Student: 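Here it is, the structure, as structure tokens.
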Amino acid sequence: MKNKFIYLAILAAGFASCEPEFDNEVGSTYTAGEADFTSYVAIGNSLTAGYMDGTVSKGGQVNSFPNLLAQKFALVGGGEFTQPSYADDVNNLGGLMLGGISIADRRRVLDATQVNPNGSVGAVEIIAGTSTIEVSALQATAYNNMGVPGAKSFHLVAPNYGNLGGVAIGAANPYFVRHATTPSATVLGDAMTKNPTFFTNWIGANDVLAYATNGGAKADGNTPADDNNETANMNPATYGSNDITNNGVFASVYNTIVTTLTANGAKGVVATVPSVTSIPYFTTVPFAPLSPTALGGSANINALNAQLYGLLDGIFTAYGEPNRVNPLVATAANPLLITDVAAADRSAQISGYLITVLNYPPATANAFGAVFGKARQTTAADLIVLPASSVIGTVNNAAPAGININGVSFPMANKWVLTPTEQAKVASATASYNSSIVAIAASKNLAVADMNFILNKLVDGLRVETGTIYTANYFSGIATENKVLFSLDGVHPNARGYSVIANEIIKVINSYYNANLPIYNPTNFPGINVVGSN
């Protein structure tokens, strides 16, 4: 599956996979300080599991930040650290199969053989092959790494979240199903069977991220009027998959998780929820991606203005919205045409103008009004989600002929854009979650790794101990490709990124628990997954 809009240049050398190296100073004296790493347990979601490039794979999992931490803990008495087995991922493809049917994509790679229309080389693709990871091959084993991709806070305490029978209907998580000790086991319960003396807890991102990555669109079809789960609904059992978790529900569940983890005296580090605006999934696709060339040149632009954009601009301007839609220009890149569910509905005004002024048949006019009644152009305040890159400029087969080009003559759906109104909901929930995390950690005398601060720093540049500055600029050319910490899914770190995360947690442990643990050199870890052919 090729990404049709995001074209990435490739460095000629050096992104082959490599084993991470210990960066331990000869002769240094390492200590655990006040921490006891005898039994280290990590709970969380995909960020804990080692998910990268859109999946968990055998090769990627070894670079999970908990596994990297455990290697440093071993220097000061840390015990065995186990992770869910991916031995069945024989070709390192990732993905998931259920009864021989694919239910999750294989990992993304950068195909070096693709030459793009703009002359650059390389396109993001799903790696060729067939996944060999079968969900129903149950391991029934608790592991030290209990990171479960897709898990929200309340899922960690939910019975039957690992029940194989629930996968097909979306009632269970296939990643947890693979290793849940029993069908009714909980993630937290299985984690506690390892009797942790030290833990990391990085949960909460999915409680708001699923809403954001779907552009604020609700899987359960809710409209803005009833899109209030983040403030009103206290029953997570009734949530749609994209609903924002209620702030009170999150605080209650998080307190239960931390209270359970510390019940036997374990110490640990909890991590804050990062802001979505810091990850490439929301910052890669520009709000104005429609170049004059992509639009077919001046002739096409003039036709679009005469037949569509001029009409909409005139109607919106007449009702006090002069900049809601502006004519396209032939001298610069143009914004997308989108549907904004929060925009004033001008369906009736559009239909009425077409009927009374242009003599359109009522049925045609009403259909036209329904399509464009909530349309507007994107602005710099909008965030276009990464998957939109493969939809922009393509034919929408469900749209009427003549106005069926996504983002150009047909408004792109709400799910492709995170609007300022939707961003505000995400920011509000994130701030509330992080306030709860910090307060609950303080009540239990736990260390806090402020991953929200760290990932936000990537926007301006994060300087690490080696002097290298890493950014969230998702491949802007040869000068920065080896300094990007994110994998090709735009959400999760690459191996180099996980080493930076491990370092940040180590620094917190050293400071809070008076330990002396060494950190990693991120340059020793692989970055982009490049293949010579796919």
Side-chain angles (χ1 to χ4, degrees), residues 17-25 28 30-33 35 37 40-53 56 59-83 143-147 196 198-203 205 267-274 278-279 446-455 457-458 462-466 468 470 472 483-487 491-513 515-527:
S17 227
C18 65
E19 288 297 315
E21 300 175 6
F22 288 126
D23 302 298
N24 305 327
E25 298 177 11
S28 295
Y30 302 120
T31 64
F37 302 118
Y40 163 48
V41 169
I43 65 169
N45 50 41
S46 52
L47 292 166
T48 295
Y51 196 103
M52 66 180 78
D53 295 322
V56 180
Q61 187 202 40
V62 298
N63 291 311
S64 72
F65 83 81
N67 196 44
L68 299 183
L69 289 178
Q71 292 175 23
K72 298 302 186 185
F73 295 165
L75 300 173
V76 292
E80 179 187 24
F81 187 81
T82 58
Q83 302 194 96
Y143 294 97
N144 294 82
N145 188 341
M146 293 297 294
F198 194 86
F199 65 88
T200 54
N201 175 17
W202 194 5
I203 195 68
K267 295 180 170 64
V269 176
V270 299
T272 57
V273 177
S278 65
I279 61 176
L446 298 173
V448 178
D450 193 353
M451 289 304 165
N452 186 35
F453 174 80
I454 294 299
L455 292 186
K457 284 288 291 181
L458 293 181
L462 173 66
R463 183 183 295 274
V464 299
E465 285 68 21
T466 62
T468 302
Y470 291 99
K483 298 177 183 177
V484 175
L485 300 179
F486 289 91
S487 69
V491 174
H492 300 87
N494 56 27
R496 189 168 294 153
Y498 280 124
S499 74
V500 170
I501 287 171
N503 284 348
E504 294 302 319
I505 294 175
I506 288 171
K507 286 187 283 186
V508 168
I509 292 171
N510 286 344
S511 174
Y512 195 87
Y513 293 114
N516 182 27
L517 295 169
I519 61 175
Y520 287 96
N521 184 343
T523 61
N524 290 336
F525 291 78

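Since this is a predicted model, take the numbers as computed values, not measurements. Side chains included, hydrogens not; waters and symmetry mates left out as well; all remaining heavy atoms used.
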Student: To the nearest 0.5 angstrom, please state how far the CD1 atom of Ile519 sits from the CD atom of Glu504.
Tutor: 8.5 Å
Student: Quick one: closest heavy-atom pair of Ala205 and Leu47, and the distance?
Tutor: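 Smallest interatomic distance, heavy atoms only, reads CB-CD1, 4.4 Å.
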Student: Look up atom OG in Ser278 and atom CZ in Phe486, then write down how far apart they are to the nearest 0.5 Å.
Tutor: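 Between atom OG of Ser278 and atom CZ of Phe486 there are 5.5 Å.
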Student: Do Asn145 and Thr48 touch side chain to side chain, with heavy atoms closer than 4.5 Å?
Tutor: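 Result yes, sub-4.5 Å side-chain heavy-atom pair found.
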Student: Sequence neighbours left out, what passes ring pair (Phe, Tyr, Trp, His ring centres under 6.0 Å) with Phe198? Give chain and number order.
Tutor: Phe37, Phe73, Tyr513
Student: If we only count heavy atoms from C-beta on, is the Asp450 to Ile454 side-chain gap below 4.5 Å?
Tutor: no
Student: Got a donor-acceptor contact below 3.5 angstrom from the Asp53 side chain to the Ser487 backbone?
Tutor: no
Student: For the atom pair OH (Tyr498) and CG (Leu68), what is the distance rounded to the nearest 0.5 Å?
Tutor: 10.5 Å
Student: Identify the heavy atoms of Ala447 and Val508 that sit nearest to each other, and give their distance.
Tutor: CB-CG1, 3.6 Å
Student: Might you point out which heavy atoms bring Met451 and Thr272 nearest each other, and give the distance in Å?
Tutor: N-OG1, 3.0 Å
Student: Supply the atom-to-atom distance Tyr520 OH to Asn503 CG, rounded to the nearest 0.5 angstrom.
Tutor: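 CG of Asn503 is found 8.5 Å from OH of Tyr520.
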Student: Below 4.5 Å, heavy atoms only, C-beta onward: do Ile279 and Pro274 meet side chain to side chain?
Tutor: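 Answer no - side chains too far apart.
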Student: Looking at every non-hydrogen atom in both residues, tell me the closest pair between Ile203 and Gly44 and how far apart they are.
Tutor: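 That closest heavy-atom pairing would be CD1-C, 3.8 Å.
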Student: Output the distance between atom OH (Tyr51) and atom CD (Gln61), rounded to the nearest 0.5 Å.
Tutor: 13.5 Å
Student: Are Tyr30 and Lys72 packed together at the side-chain level, in the sense that at least one heavy-atom pair is separated by less than 4.5 angstrom?
Tutor: no
Student: Do the side chains of Leu69 and Ile506 get nearer than 4.5 Å, heavy atoms only?
Tutor: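 When only atoms from C-beta onward are counted, Leu69 and Ile506 do touch, with a gap below 4.5 Å.
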Student: Does Asn516 use its side chain to pair, donor to acceptor, with the backbone of Thr31 at less than 3.5 Å?
Tutor: no
Student: Taking all non-hydrogen atoms of both residues, which atom of Gln83 and which atom of Phe81 are closest, and how far apart?
Tutor: CG-CE2, 3.7 Å
Student: Side-chain contact test, heavy atoms from C-beta onward, threshold under 4.5 Å: evaluate it for Ile505 versus Ile509 and give yes or no.
Tutor: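 Touching, per the 4.5 Å side-chain cut-off.
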Student: Where is the tightest heavy-atom contact between Pro196 and Val41, given as atom of each residue plus distance?
Tutor: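 So the two residues come closest at CB-CG2, 3.7 Å.
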Student: Under 4.5 Å between any side-chain heavy atoms of Val500 and Pro493, yes or no?
Tutor: no
Student: Test of understanding: with ring pair (Phe, Tyr, Trp, His ring centres under 6.0 Å), list the residues that count as partners of Tyr512, not counting sequence neighbours.
Tutor: none
Student: Verify the distance criterion only: is there a donor paired with an acceptor across the side chains of Tyr40 and Thr200 at less than 3.5 Å?
Tutor: yes
Student: Got a second to check how far Arg496's CZ is from Asn524's CG, nearest 0.5 Å?
Tutor: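 If I round to the nearest 0.5 Å, the distance is 9.0 Å.
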